[in-house]
Amino acid sequence: MMLRSNDAIRRMAVWSILLVAAAISVDGVLHAALAQNPFGGSRAVPDQQVGGIIGWILAKQSQFYRAMSSTIRAAKNDGSAVWTLLGISFAYGIFHAAGPGHGKAVISSYLVANEETARRGIVLSFASALAQALVAVVIVGIGAWLLNVTAKTMCGAERVIEIASYGLIAAFGARLVWLKGGGFFRALSASRASHAQLAPALATKAAHHQAAAHDYDGVAHLHARTVHHHDAHPHHSHDHHHHDGHCDHCGHAHGPEPSELAGPGGWKRGLAAVLAVGVRPCSGAILVLVFALAQGLFWAGAAATFVMGLGTAITVAAIATLAVSAKSVARRLAAGRDGGGAVIMRGMEFAAAGLVLLLGAGLLLGYVAAERVTCF
Amino acid sequence: MSSLRYGIGLLTLMAALLVAPLVASAHPHVWVKAASELIYAPDGTVTGVRHTWTFDDMFSTYALQGIETKTKGVYTREELAPLAQTNVDSLKEFGFFSFAKADGKKQKFNEPTDYYLEYKDAALVLHFVLPFRTPFKSRQMQLEIFDPSYFVDFQLQDKDPIKLVNAPAACTMAIERPTDGSAAAKKLGEDNFLDGSNANFGAMFANKVTVNCP
């Protein structure tokens, strides 16, 4: 009785959160899609809802960003202005990452899709932000400083890098979807099977598994299934396979072994996320660097860019930690449910993987608006 | 199957959390002080808009990167011609950030003409004419200058930002401008957005000119 009402309350809470969340995300996706083509059709202005907090973040960003050019000019004559510049850049980085950006969405989704720790989330956030800063410094350092190319040429290079980055995100997402899809469908069929009665269960289980195997006919999956069924087999550990458990208590969520997490393969996977997100430099950083170069203060611009990256990393790390914590809360909630736990967890991972793919594809095809490259 | 529903709920929540940051618009990276002229033919039809856009310090420096000049720091109109070409070519993608309506009906622009850049007071100034595809006569026309994605912040120049050239004498003009980008964001942000009313984000920063010709 007690359990029941708890369950009902919990379900109601989840549903109400879900309703709000769904409204926000549908609204957001629609607006992002429409915003891409504001000049065609009858919709000249995308009406975007901006909350007070985001409005405030935007105002702060603008303020810090505008202060940068005057500070760099001042630094020409007054060396101490460089410290002001670094302070402004740091603040700008923090606020900038709190605003729009696909980077943190990709990293957070990746963390949710995999059994990642908050610690690794933080490391990945810092690595990708610093990679981003490095790319900006290298582009301007080589392009503008060494080769003295025009802004148009640099912008062309940025666009190529941008497309490469989006392509990488999409490919990365596709791989995650492929891997996590297997886990999800395995968990789903296992859960269905455990719901059935004992005698018919065997038959249904076999049928479901067969069906699933046909849908997902990758060699790795068939192989995984073999492991799944016969515990006598040694646990065959692909670097990417997190089996959801052994069939003697089907449906329970088993995280990967800690050894799997810390393994070198794990970091390699993380590196792919860093690369996919980090290769695309921030438009603001490029502008600041070129401006600093023209004032003969390239080093100050480079320092500002890295400090900006540091600020960005802090915000992204906070969001990533939030994502990881949300997942562990979900895991705890799911653990209390018989049978469904594995389905929920694997489903969540599958959906997060799907989100990475959607983001990558959306960015690539222009359905998701990203920060524009300054090309005019 | 309630566990499945429960799972889907959590998933959607996660997705919303992750997608939400993407929804917000960018903050401006480029600032433009705009002055524009509405050009009328002798018979009273509007033929086009002549824009004069002055870019901010940082963007001007960025755009001038790598452009060779005879005299250091001096850029002639000829030396800037390729950049002006790039400007108008790229602006096409954004509809030249100009949106016109005649008696409520959207008007299209042709390719820009008479475009050139000058370098004045450490800033680039872009001049160009946007001819209307079909010149029109209307009781009321509206011209808005803004970037819906707010990557570029447009502000009308302080003094005489809009001029009517050869307009019929009876025409009157009204200008609406956003006071200051950040101030508007703050004011509108708190008052308008939290109560759930729809608001046009880019349009919040729009500069709007209305001309009435009875």
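Residue numbering restarts at 1 for every chain, and letters A, B, ... go by the order of the sequence lines.
Proximity of B:Ser60 to A:Phe291: side-chain heavy atoms (C-beta onward) are nowhere separated by under 4.5 Å.
The two residues A:Ala294 and B:Thr61 have their closest heavy-atom pair at CB-CG2, 3.2 Å. A pairwise comparison of heavy atoms in B:Ala122 and A:Arg73 identifies CB-NH2, 4.5 Å as the closest pair. Summarising the geometry of B:Pro28 relative to A:Tyr65, their closest heavy-atom pair is O-CD2, 4.0 Å, with the distance given to 0.1 Å.
Residue B:Lys33 places its NZ atom among more than 12 non-hydrogen atoms of other residues, nucleotides or ligands, all under 6.0 Å distant. The local environment of CZ in B:Arg139 is sparse, with at most 12 non-hydrogen atoms from other residues, nucleotides or ligands closer than 6.0 Å.
Annotation: side-chain contact (heavy atoms from CB on, under 4.5 Å) contacts of A:Ser70 (sequence neighbours excluded): none.
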* **Pair A:Cys155-B:Tyr62, side chain to side chain contact (heavy atoms under 4.5 Å, CB included): steps then yes or no** => CA-CA 11 Å; A:Cys155 156; B:Tyr62 170 79; 4.1 Å; yes
* **Intermediate values then yes/no, side chain to side chain contact (heavy atoms under 4.5 Å, CB included), B:Leu83 and A:Lys152** => CA-CA 8 Å; B:Leu83 183 56; A:Lys152 192 185 174 188; over 6 Å; no
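Contact count against chain B (heavy-atom pairs under 4.5 Å) is highest for A:Thr150 among A:Thr150, A:Thr153, A:Ile72, A:Leu358. Chain B forms more heavy-atom pairs under 4.5 Å with one residue of A:Arg66, A:Met154, A:Lys60 than with any other, namely A:Arg66.
For a residue to count as touching a neighbouring chain, one of its non-hydrogen atoms must lie under 4.5 Å from one of that chain's; by this rule A:Val329 does not touch chain B.
The list of side chain to side chain donor-acceptor pair (under 3.5 Å) pairs with a residue in residues 63-72 of chain B, not counting sequence neighbours, reads A:Asn148-B:Gln65.
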